[in-house]
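What follows is a short report on a single structure.
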Amino acid sequence: MNNTYVRVKGIIKKGDEYLVIRRCVDDHIPTPYVWEFIDAEVQHGEAPDDTVLRAIEELLSVEGVIEKVEYTWSNLLGDTHCVGIAYLCSIMEEDEANIVLPEDYVEWKWITREEFPKYIDNTYVLQDLEGRVL
């Protein structure tokens, strides 16, 4: 059976920095946390633009603004096909003080473009961002 689903990524930018969040993926392994951008699966009947804004609000407890679609991607894993849309987004600077993460997220921070490889472990994301002017 072939499955297709759509994911969105929200890359939140402020000046020359980008917001990343740290999530617990498995507390039974030596390094249970990963840094990532906002990420969510599009629900049936939901518009991708609405999904990325919903994810920002759910994960950060603040409203996001879509600046532009940055890129798209497509991956096959067995009989599952993932199609994705990466958005460049922003949040109001005064809202930073109101960021509250869900229970399985432990930290957020602003990083520079040069720091992406230090924080982002997903090689596909790093490849997608390589050479792009965000």
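The basis for the numbers below is simple: all heavy atoms, side chains too, and nothing from hydrogens, waters or symmetry mates.
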Is any side-chain heavy atom of [X] less than 4.5 Å from a side-chain heavy atom of [Y]?
X	Y	answer
Arg132	Glu70	yes
Leu101	Leu60	yes
Ile56	Cys89	yes
Tyr105	Cys24	no
Arg7	Asp39	yes
Arg23	Glu36	yes
Ile12	Ile38	yes

Exercise for the section: Show your reasoning for whether side-chain contact (heavy atoms from CB on, under 4.5 Å) applies to Val52 and Arg54. Expected result: CA-CA 5 Å; Val52 75; Arg54 172 183 54 79; over 6 Å; no
Completion exercise
So CD of Glu46 and CG of Leu53: to nearest 0.5 Å the spacing works out to 9.5 Å
Exercise for the section: Kindly say whether Val42 contributes a backbone atom to a donor-acceptor pair with the side chain of Thr51 at under 3.5 angstrom? Expected result: no
Problem - Donor-acceptor contact below 3.5 Å, side chain Thr80 vs main chain Leu76 - result: no
Exercise for the section: Over all heavy atoms of both residues, which pair between Trp110 and Lys13 is shortest? Give the atoms and the distance, please. Expected result: CZ3-C, 4.1 Å
Exercise for the section: Over all heavy atoms of both residues, which pair between Glu58 and Pro102 is shortest? Give the atoms and the distance, please. Expected result: O-CG, 3.6 Å
Problem - Co-members of Phe116 in a cluster of I, L, V, M, F, W and Y side chains, linked at under 4.5 Å - result: Ile11, Tyr18, Val20, Trp35, Phe37, Tyr71, Trp73, Leu88, Ile111, Tyr119, Ile120, Val125, Leu126, Leu129, Leu134
Practice task
For the residue pair Tyr5 and Gln43, confirm or rule out a side-chain donor-acceptor distance under 3.5 Å.
Solution key: no
Exercise for the section: For the residue pair Glu17 and Thr112, confirm or rule out a side-chain donor-acceptor distance under 3.5 Å. Expected result: no
Practice task
Can you establish whether the number of heavy atoms outside Glu94 located under 6.0 Å from its atom CD is more than 12?
Solution key: yes
Exercise for the section: Count the heavy atoms of every other residue, nucleotide or ligand shown that sit under 6.0 Å from CD of Glu63, and state whether that count exceeds 12. Expected result: no
Practice task
Report the C-alpha separation of Ile85 and Val69 in whole Å, then their side-chain angles, then the decisive distance to 0.1 Å, and conclude whether the side-chain contact (heavy atoms from CB on, under 4.5 Å) test is met.
Solution key: CA-CA 7 Å; Ile85 306 167; Val69 171; 3.8 Å; yes
Practice task
Apply side chain to side chain donor-acceptor pair (under 3.5 Å) to Asp128 and list each qualifying residue two or more places apart in sequence or on a separate chain.
Solution key: none
Exercise for the section: Step by step, work out the side-chain contact (heavy atoms from CB on, under 4.5 Å) result for Leu59 and Trp108. Expected result: CA-CA 10 Å; Leu59 295 175; Trp108 65 273; over 6 Å; no
Practice task
Could you please spell out the steps behind the side-chain contact (heavy atoms from CB on, under 4.5 Å) verdict for Ile91 and Val65?
Solution key: CA-CA 6 Å; Ile91 60 172; Val65 175; over 6 Å; no
